[in-house]
Amino acid sequence: MRIGVLTGGGDCPGLNAVIRAVVRKGEGVYGHQFVGYRDGWRGPLTGDTVPLDTTAVRGILPRGGTILGSSRTNPYAAVDGLELIRRNLAADGVDALIAIGGEDTLGVAARLHADGVPVVGVPKTIDNDLSATDYTFGFDTAVNIATEAVDRLHTTAESHHRVLIVEVMGRHAGWIALHSGMAGGANVILIPERPFDFDKVCAFVESRFATHYAPIIVVAEGATPIAGTMMTKDAELDAFGHVRLQGIAAVLETEIRGRTGRDARATVLGHLQRGGTPSAFDRWLATRFGLHAVDAVHEGESGVMVALHGTRIDRVPLAEATSALKTVPAELYAEAAVFFG
Ligand code: F6P
């Protein structure tokens, strides 16, 4: 077989580990050939390929980013997108695709499968918001980076008796905030799933000062006050209709200063959470996803995504995997809330 591989959407640590595992097993065990498509769905849409074999994947296991490049291209937003993809795959002699991506990239994969293009999906995103898998790779690395930031902010906050607010990514899901906030001993964690009350946040801040500690607030970029709206960086939408979220930490900084008179500072971690080398867990998960994805293609499967359930890797229908976002349930947030204030 000749198998096309692409990485779409926001990059995350572990993408290269998947590519390596797919190629090593596909070539070494099954004798298949591979074609890399550049920059997500833009590759098959425009016929932009890159050679992909065992030599090309040597040494990439610990490297962040993706050797294939990524983009948020939506081929269904283009005129004749489906036809162009069909034509380019035929011209490249590609029998099936492995698409490594999040909600948007895999949503396209689900539609392509329904339109008769053979495709298997691999779930990636630092947001961990895909409902059909226990974890996506990239998330663990992002949580470790955010936790290290919280640890570092504790010491400077205490030196200056300040409130430090850390804004983390996650879009409409609070997973990164929840895990890094719990791991870092945050004073309060604010997530999109639970609109917050400024007065309560200020009360938590004061009670932390009362015990001679400085409060660290971990806020997810999609978190909102009860009476307020989500903070967006600008009005621009991407090809899938998403806005860029940013700014809630700055709002909290102003409100906390105004309401408590305490010195407050905001830190936005931004793309630091997506860069650099993957954690050991993410390398392990990404490698296993890659092995199982190439097995699925080899067995003639299409329209499925590999998913982690406990320690087992299963195949789930792509349509089901992309139908609902996985958000933080109330009972997990309640566990974290024991430590607030
Ligand atoms: O989906 C991953 C993610 O990092 C989100 O957490 C974040 O909201 C978004 O991508 C940022 O997108 P961009 O890289 O286009 O700024």
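Heavy atoms only: backbone and side chains are in, while hydrogens, waters and symmetry mates are out. Computed from a prediction, not measured in an experiment: that's the story for all the values here. This chain uses plain numbering: 1 for the first residue, then up along the sequence. Just follow the structure's listing: the first ligand is 1, and inside any ligand the first atom is 1.
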**Study point:** Trace of the side chain to side chain donor-acceptor pair (under 3.5 Å) decision for Arg162 with Thr156
**Key:** CA-CA 8 Å; Arg162 271 179 182 152; Thr156 170; 4.9 Å; no
Check your understanding: Is the shortest heavy-atom distance from the side chain of Val18 to the side chain of Ile98 under 4.5 Å?
Key -> no
**Study point:** Arg244: numbered ligand 1 atoms lying under 4.0 Å from its heavy atoms
**Key:** 16 (O)
Review point. In the protein, what heavy atom is nearest to atom 16 (O) of ligand 1, and what distance, to one decimal place, separates them?
Key: His271 NE2, 3.1 Å
Revision key, fill the gap. In ligand 1, the atoms that come under 4.0 Å of a heavy atom of Gly170 are 6 (O)
Point to revise | Heavy atom of the protein closest to atom 1 (O) of ligand 1 (residue, atom name, distance) | key: Asp127 OD2, 2.7 Å
Check your understanding: What do the steps show when you test Arg86 against Asp115 for side chain to side chain contact (heavy atoms under 4.5 Å, CB included), and what is the final call?
Key -> CA-CA 10 Å; Arg86 279 204 179 115; Asp115 285 328; 4.1 Å; yes
Practice item. Could you tell me the separation between the CG atom of Asn16 and the OG1 atom of Thr7, rounded to the nearest 0.5 Å? Key: 8.0 Å
Practice item. Measure the distance from atom 7 (C) of ligand 1 to every protein heavy atom, then report the residue, atom name and distance (to 0.1 Å) of the closest one. Key: Glu221 OE2, 3.3 Å
Study note, to complete from the structure: Taken to the nearest 0.5 Å, the spacing of Met169 CE from Arg171 CZ works out to 9.0 Å
Point to revise | Shortest protein contact, atom 4 (O) of ligand 1 (heavy atom only) | key: Arg274 NH1, 2.8 Å
Study note, to complete from the structure: Here the gap from Leu89 atom CG to Tyr37 atom OH, rounded to the nearest 0.5 Å, amounts to 4.5 Å
Revision key, fill the gap. for atom 9 (C) of ligand 1, nearest protein heavy atom and its distance come out as Arg72 NH2, 3.7 Å
Revision key, fill the gap. One finds that the ligand 1 atoms under 4.0 Å from a non-hydrogen atom of Ile126 are 4 (O)
Point to revise | Gln273 touching ligand 1 at heavy-atom level, < 4.0 angstrom | key: no
**Study point:** CZ/Arg152: more than 12 non-hydrogen atoms of other groups inside 6.0 Å
**Key:** no
